[in-house]
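Everything on this sheet refers to the single structure shown next.
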Amino acid sequence: MARVIVDVMPKPEILDPQGKAVTGALQRLGFTGLTVRQGKRFEIDVDGDVTPERLDEIRDAAEKLLANTVIEAFDVRVDAE
Amino acid sequence: MARVIVDVMPKPEILDPQGKAVTGALQRLGFTGLTVRQGKRFEIDVDGDVTPERLDEIRDAAEKLLANTVIEAFDVRVDAE
Amino acid sequence: MVDTVENAWATPDAEQPWAELGLKADEYARIKEILGRRPTGCELAMYSVMWSEHCSYKSSKKHLSRFGVLGDQTPRGPLLAGIGEQAGVVDIGGDWAVTFKIESHNHPSYVEPYQGAATGVGGIVRDILAMGARPIGVMDPLRFGPLDAPDTLRVLPGIVSGISGYGNCLGLPNIGGEVLFDATYAGNPLVNALCVGVLKHDDLKLAKATGLGNKVIMYGAATGGDGIGGASILASETFDADGPAKRPSVQVGDPFMEKLLIECTLELFAAGIITGIQDFGAAGISCATSELASAGDGGMHVDLDTVVLRDPTLSPEEILMSESQERMMAVVRPEDVDTFLGICAKWDVLATVVGEVIEGDRLFIDYHGERVVDVDPRTVAHDGPVYDRPSARPTWIDALNADRAEDLPRAASGAELAEELLTLVGSPNQADKSWITDQYDRYVRGNSVLAQPENSGMLRIDEETGLGIALATDNNPRFCLLNPYLGAQLALSESYRNVAASGAEPVAITDCLNFGSPEDPDVMWQFIESIMGLVDGCRELGTPVTGGNVSFYNQTDGVNIHPTPVVGMLGVIDDVADRAPMGFAYPGDAVLLLGE
Amino acid sequence: MTRVGVVTFPGSLDDQDARRAVTLAGMEAVPLWHAAHDLEGVDAVILPGGFSYGDYLRCGAIARFSPIMTEIVAAANSGLPVLGICNGFQVLCESHLLPGALIRNDRRTFVCRDQTLKVESRDTVWTCAMEEGQEIEIVLKNGEGRYIADDETLARLEGENQVVFRYLGVNPNGSSNDIAGVTNARGNVVGLMPHPEHNVEALTGPSLDGRLFFDSLTQFLSARV
Ligand SMILES: Nc1ncnc2c1ncn2[C@@H]1O[C@H](COP(=O)(O)OP(=O)(O)O)[C@@H](O)[C@H]1O
């Protein structure tokens, strides 16, 4: 079984309240000099081989469903491991 | 500026309602043979160099704050790019 | 290079992208006439947003003024603030007053349903807060296309969870609203949001900058490049040869920030150190500075370099136009600045002194040590164009009215009648709405006496005496299409009845006038008729209009939505224990039918 | 008079409601600020509902590290009665005062409803005035109220009578074993998703069953003296 990873992150120019909250919390905990943006990670187990067509299909799915492309950017890749 | 990635995923034995919902939604959209687990991705911009000590520190932060190790597993790595 | 005032004098013929910013040729000419020179890039940015339909009400101003004849008397006493303020304020007796207002966020919710609806709630809540009130409840009249239309499937879940996500996170009970499905809204959903707040009479705050030497403080979220599509044009013209960085077309809300802003602002009020305050709505700093300055008794000087930025690449034009959410501007005596900053620090709210009230009546804005704005703020905030757009009774309206429901075939048998009844009660508009309303917290704050599925929402205001308020919103767009004058009155009387039926005395309204394109004479006619219907109806009922909102250009592929003037009625009840819930309470009670 | 502390975190929402409920129960409500290291000598603590720090990371994850929580964890471990309601329950789980975790509802939307609960254990500070098996109606409102724990933990909770409340009729969020609330081994720390503080006045709540929580506290404290 092959695995494809889809990372979905808020676009850089978009406010990221979650990342802001985490950045602040880390600071208060004494972890300084760290700026965080928070996004989503999807691990997709694919039945059968991950052909280029299959990958395109997943890209399509990411665009349609996994990411809200108005405010998020996504990245699709085959899991290295 | 260096970047560290922390991935946080629900532990395999733990229910993942979001992933289940996404799996179902993909199916309804006609994307078959895909099983999804959904987690979080943190992109951390680090002031200064990412020394092994700094990475340990971030691992500590992940353990304490970014993941709830009762239900989640995490992975910390320096961004390849 | 920054386009300074000096530069504007020196280069009178420089080309400016006024048309791209939505200004008409005569409007641009008028700005030059006002200034006696061409505007700087920053000035052009300010005028263009403030003179937009959205901010200047240029197509509706003339007609909205008719509400003025209703005066400021409610059955319970005078309005403490009326149309023209950020929200109307009603004396409800005792020492208490209530402020409420409804606003639309239709277009943003179509583009990005979750964030559009969420920031719609955020915006109206700040309006209420800026009056000096604690926000205590929200309502959300919604209109969608047919329930099974693909676009409804796209926008509805996002809109509902946006309202729920933001409102719940602020801790404001959702005490009512509407959900209506009609083909007219396919491709143009309506998201109206109402907020109500409570204050003591003495707590009333107005948006004005007074007191020479007083400091102007911006607080809340940092300023980013949100919602400044237009200003990017300017930036590219005046600055970077490569064009501006990408600017988001949508704003993302941060309800947690807003919750902090609310608590922080209420503590600032309580400390008695705010002499003037304004929320940031559309048009950001342009709006806040020009409105505060023109309502006050002096001028204002602002240093843009002190504005805290989320995105350091913003040009001064963009800083002025940014619609970043969760920001406020306050005017504070110099000796109170430290206290002010201390309270903000306690709530983890960013605050910076960005300017001060100065002698004279000009608004000066500097950037990198150079003057980029030198205007009379009144010309920005209030002297925008006013249009008397052509209106005409639609040619189709008689035919539409002639096509009467009475001409439809009638059920001929009991079985047919039963079938019709089932269809009726099973239609999405009649069916139970709890699949939506269950996503809203109706209990938080512990004062919700009535909420869904009741006729009106009711909140206890005074725990000692039981003094409370009731609110209902209503509109039937089909009636309004058939006859906008009577349709508006129907909306008005339905909301009146809903409030009265719960045991409260209706006292005043807010309205959200959702219409198609004002450039279409049919729409303008519908708009004027609706206003006249409301004016005549309100006069009859003794309920003045305290404020509201106009949303034009609601159309899909050039087709206008049915006129949708949503009315929000406020009622007062002396003791909420006397409320009348709907539904049968005791077996054996008599059932009476009132009216014909 | 019994003094009950009610913590306010940034983003707490039902703190005023919890204070009102405490007052209506004839006790003194003591506001506790998240940034303080002082419990002001209170007899019990309520962690109220809301969205502390926006709950953007995980519900309760950031609040757990606030100064007041350091004090509460220590005090709870030496027996101070602590009630965590909704977000407060989440904070207690994140602080490991209670086992398990709360995740997104299975229906993936916020849900607000009048919920029937079955009292499973009266062996706690906060339920000793209730009857075992009693059905109570308490307002429920949450987006992330699905209680989960690994099988071993669940078995232990069930075996040692640490499940305090179960959803009856409808399981509104998909919680394992219909669990609505749990307690620690000692019975002084209770967390539940539903909101007893919204069920103390006939005018504003669907029942008066929330009062039982305060009756229980009173009973416990008076028995102890
Ligand atoms: N979008 C909404 N938000 C909050 N409450 C709503 C919303 N839509 C409907 N409601 C509430 O649900 C109840 C039933 O609504 P509705 O079926 O429209 O009733 P009615 O036809 O009697 O006005 C009312 O209490 C109304 O305020």
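Numbered from 1 within each chain, the chains take letters A, B, ... in sequence-line order.
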*Output the option from C:Gln439, C:Glu263, C:Met257, C:Lys259 having the highest count of non-hydrogen pairs under 4.5 Å with chain D.*
C:Gln439

*Under 4.5 Å heavy-atom distance to chain C, tell me which part of D:Glu201 shows up: side chain, backbone, both or neither.*
side chain

*Taking the side chain as every heavy atom from C-beta outward, state whether D:Asp14 and C:Tyr443 have any atom pair closer than 4.5 Å.*
no

*Measure the CZ-CG distance between C:Arg579 and D:Leu203 for me, rounded to the nearest 0.5 Å.*
5.0 Å

*Please tell me if the side chains of D:Trp33 and C:Lys346 come closer than 4.5 Å, counting only heavy atoms from C-beta onward.*
yes

*Mark yes or no for whether C:Arg445, through its side chain, and D:Gln16, through its backbone, hold a donor-acceptor pair below 3.5 Å.*
no

*Is D:Lys141 salt-bridged to C:Asp441, going by a charged N under 4.0 Å from an acidic O?*
yes

*Max heavy-atom pair count under 4.5 Å with chain D, selected residue of C:Asp254, C:Leu170, C:Leu450*: C:Asp254

*Heavy-atom check, side chain of D:Arg20 versus side chain of C:Asn447, under 4.5 Å*: yes

*Of the listed residues (D:Val139, D:Asn142, D:Val200), which shares the most heavy-atom pairs with chain C below a 4.5 Å separation?*
D:Val139

*No-hydrogen, no-angle side-chain donor-acceptor test under 3.5 Å, C:Asp348 and D:Tyr53*: no

*Would you give the length of the straight line joining atom CG of C:Asp438 to atom CG of D:Leu140, rounded to the nearest 0.5 angstrom?*
10.0 Å

*Which region of C:Ile262, side chain (C-beta onward) or backbone (N, CA, C, O), has a non-hydrogen atom less than 4.5 Å from a non-hydrogen atom of chain D, or is it both or neither?*
neither

*Locate the shortest heavy-atom distance separating C:Ser164 from D:Phe110; write the atom from each residue and the value.*
OG-CB, 3.9 Å

*Specify the closest pair of heavy atoms between D:Phe51 and C:Cys169, including all atoms of both residues, with the distance to one decimal.*
CD1-CA, 3.5 Å

*Flag side-chain contact, heavy atom, 4.5 Å: C:Tyr440 against D:Cys112*: no

*Given that the side chain runs from C-beta out, which part of C:Ser161 has a heavy atom under 4.5 Å from chain D: side chain, backbone, both or neither?*
neither

*Which value, rounded to the nearest 0.5 Å, describes the distance between C:Glu463 atom CD and D:Leu24 atom CG?*
7.5 Å

_Interface moiety of D:Tyr56 toward chain C, non-hydrogen atoms closer than 4.5 Å_ = side chain

*Flag the pair C:Val444 / D:His195 as yes when at least one side-chain heavy-atom distance between them is below 4.5 Å, and no otherwise.*
no

